[in-house]
Amino acid sequence: MSLSEFELIQRYFAEASTDASVALGIGDDCAVLSVPTGQQLAVSIDSLVQGTHFLEGTPADLLASRLFGSALSDLAAMGATPAWLTLALTLPEPDEDWLQLFSSRLAQLCNEYHVSLVGGDTTKGPLTLSAQVHGFLPRDHRLTRAGAKVGDLICVSGCLGDSRGGLDGLLNGFENHTEAGYLLERFYAPTPRIELGKILLGKANSCIDISDGLLSDLSHILKASGGLGARLQLEAVPISSQLIATFGEESARQWALTGGEDFELCFTLPPNYLALLSQLPVPVAVIGKVTDRADIELFLRGEPCQIQGSGYDHFQRKDD
Ligand code: ADP
Ligand code: MG
């Protein structure tokens with residue numbers, strides 16, 4: 001590497017943190033960090049591997065936003081407040097344009113979400129990016145997948161399927177380009193629903209972020225909650241007009257149920273919190289109810305239905 005590892009870290013990642021919780025940041029063998037009194041640490045790591053999660057040549061700023069959004073989304077799903085980030089970079093070469101683009105977008109996002117980059121690792125090899133995020137939770141309070149109760153409202157934030165639409169457009173081209181920018185943005189820059197997660201803490205009985213697809217992720221909640229089931233009204237599943245305009249209603253509905261990586265929150269809420277739903281920082285839709293039948297039943301305008309060759313089967317297979 002023409003740029004030494006030391007120079008690379010100094011130049012692109014070593015900005016000192018001003019956060020009081022960071023006793024010692026980048027530059028020594030470890031960071032030294034203080035968890036505020038009465039809080040616990042929530043920790044999660046996510047990786048993006050070239051060829052598996054993104055195509056060669058993907059602009060570095062888009063990789064930064066995708067990595068950051070997907071990693072912070074796990075904190076949102078627990079109701080945690082983001083605090084620190086560590087970053088493991090495996091790079092084929094120290095490309096300065098790439099590093100500039102990546103590090104400046106990452107710094108921008110860290111600033112926006114009040115996250116301090118406190119350390120990491122830099123190695124040579126096939127392009128792989130890993131972000132470990134750390135957040136705070138009030139002691140013994142957290143949103144988890146377990147805890148859904150029969151009769152809970154099943155809710156989702158934002159719109160589903162857009163990220164899958166963006167990916168399809170990247171791989172196969174967009175049938176109609178008008179909304180391509182919006183769909184690509186949803187794929188490359190998912191919004192971690194931090195504020196929503198914090199509000200739901202102590203109110204929702206269960207929560208997960210949608211990374212594998214609604215049916216698959218909801219099934220994780222139902223399973224973790226002791227083998228419960230769900231009745232879903234498909235017409236209530238929120239789908240953007242942009243996704244429908246670009247790919248038609250059938251694909252849009254399919255992707256809303258089974259497409260992954262929207263990083264919206266799916267949570268179950270006791271019905272007495274119904275009024276809360278109109279006071280949230282993002283639109284939230286009620287799409288069904290938790291039942292005691294260990295099964296997901298789908299209804300479209302009151303009629304039972306199955307989703308062709310996809311989510312529902314996929315859900316069954318995954319759990320078998
Ligand atoms: P060591 O060899 O002791 O593990 P390194 O030389 O790998 O230390 O790293 C030196 C310092 O730079 C450490 O504080 C480490 O956390 C930080 N660091 C290394 N790579 C990155 C990176 N990609 N982003 C942020 N900090 C990094
Ligand atoms: Mg060391």
Side-chain angles (χ1 to χ4, degrees), residues 1-36 39-76 80-136 188-192 194 211 261 263:
M1 289 198 175
S2 53
L3 189 67
S4 77
E5 188 186 325
F6 177 77
E7 287 167 332
L8 186 159
I9 296 165
Q10 281 300 313
R11 199 168 299 172
Y12 296 103
F13 299 105
E15 199 172 308
S17 169
T18 52
D19 190 315
S21 69
V22 182
L24 189 62
I26 290 171
D28 218 304
D29 292 313
C30 288
V32 180
L33 308 165
S34 311
V35 180
Q39 310 264 305
Q40 287 179 311
L41 207 52
V43 180
S44 171
I45 188 162
D46 267 298
S47 295
L48 293 180
V49 179
Q50 181 169 294
T52 304
H53 300 100
F54 62 91
L55 302 169
E56 192 176 348
T58 300
D61 53 340
L62 303 182
L63 293 178
S65 59
R66 189 138 172 258
L67 181 69
F68 189 89
S70 64
L72 248 71
S73 174
D74 286 317
L75 294 179
T81 301
W84 309 313
L85 172 69
T86 50
L87 173 70
L89 282 183
T90 304
L91 306 170
E93 60 192 342
D95 177 335
E96 297 223 32
D97 292 338
W98 190 98
L99 282 160
Q100 183 58 51
L101 209 53
F102 180 84
S103 62
S104 54
R105 175 60 61 89
L106 191 70
Q108 200 185 339
L109 288 164
C110 283
N111 198 31
E112 188 180 333
Y113 285 86
H114 310 293
V115 169
S116 299
L117 178 63
V118 296
D121 194 28
T122 307
T123 50
K124 188 178 165 81
L127 188 58
T128 303
L129 324 166
S130 298
Q132 183 165 39
V133 288
H134 310 70
F136 301 140
Y188 280 129
T191 314
I194 298 294
S211 53
E261 308 203 314
F263 299 108

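Whatever order the structure lists ligands and atoms in, that order sets their numbers, starting from 1. Everything numeric here is computed off the predicted structure, so don't read it as measured data.
Distances between N or O atoms of Gly27 and those of ligand 1 include at least one value under 3.5 Å. Considering backbone and side-chain atoms together, Gly120 places an N or O closer than 3.5 Å to an N or O of ligand 1.
Heavy-atom proximity to Ile26, at under 4.0 Å, picks out these atoms of ligand 1: 12 (O), 14 (O), 17 (C), 25 (C), 26 (N). The atoms of ligand 1 that sit less than 4.0 Å from any heavy atom of Phe13 are 24 (N), 25 (C). Interface atoms of ligand 1 facing Asp28, defined by a heavy-atom separation under 4.0 Å, are 11 (C), 13 (C), 14 (O). Those atoms of ligand 1 that come under 4.0 Å of a heavy atom in Glu5, given as number and element, are 6 (O), 7 (O).
For the atom pair OG (Ser73) and CD (Glu261), the distance works out to 10.5 Å, reported to the nearest 0.5 Å. With rounding to the nearest 0.5 angstrom, the CZ atom of Phe68 is 12.0 Å from the CG atom of Asp46. Considering CD of Gln50 and OG1 of Thr58, their distance stands at 7.0 Å, rounded to 0.5 Å.
Looking only at atom types and distance, the side chain of Ser17 has no donor-acceptor partner in the side chain of Asp19 under 3.5 Å away.
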Worked verdict on Thr123 versus Thr90 for side-chain hydrogen bond (donor to acceptor under 3.5 Å, both in side chains): CA-CA 5 Å; Thr123 50; Thr90 304; 3.1 Å; yes
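For atom 23 (N) of ligand 1, the candidate residues are Thr122, Thr86, Leu129; the nearest heavy-atom contact is made by Thr122.
Between Trp84 and Phe136, the angle of the ring planes goes over 60°, which puts this pair in the perpendicular group of the 30/60° scheme.
Within the 4.0 Å heavy-atom criterion, neither part of Val118 lies near ligand 1.
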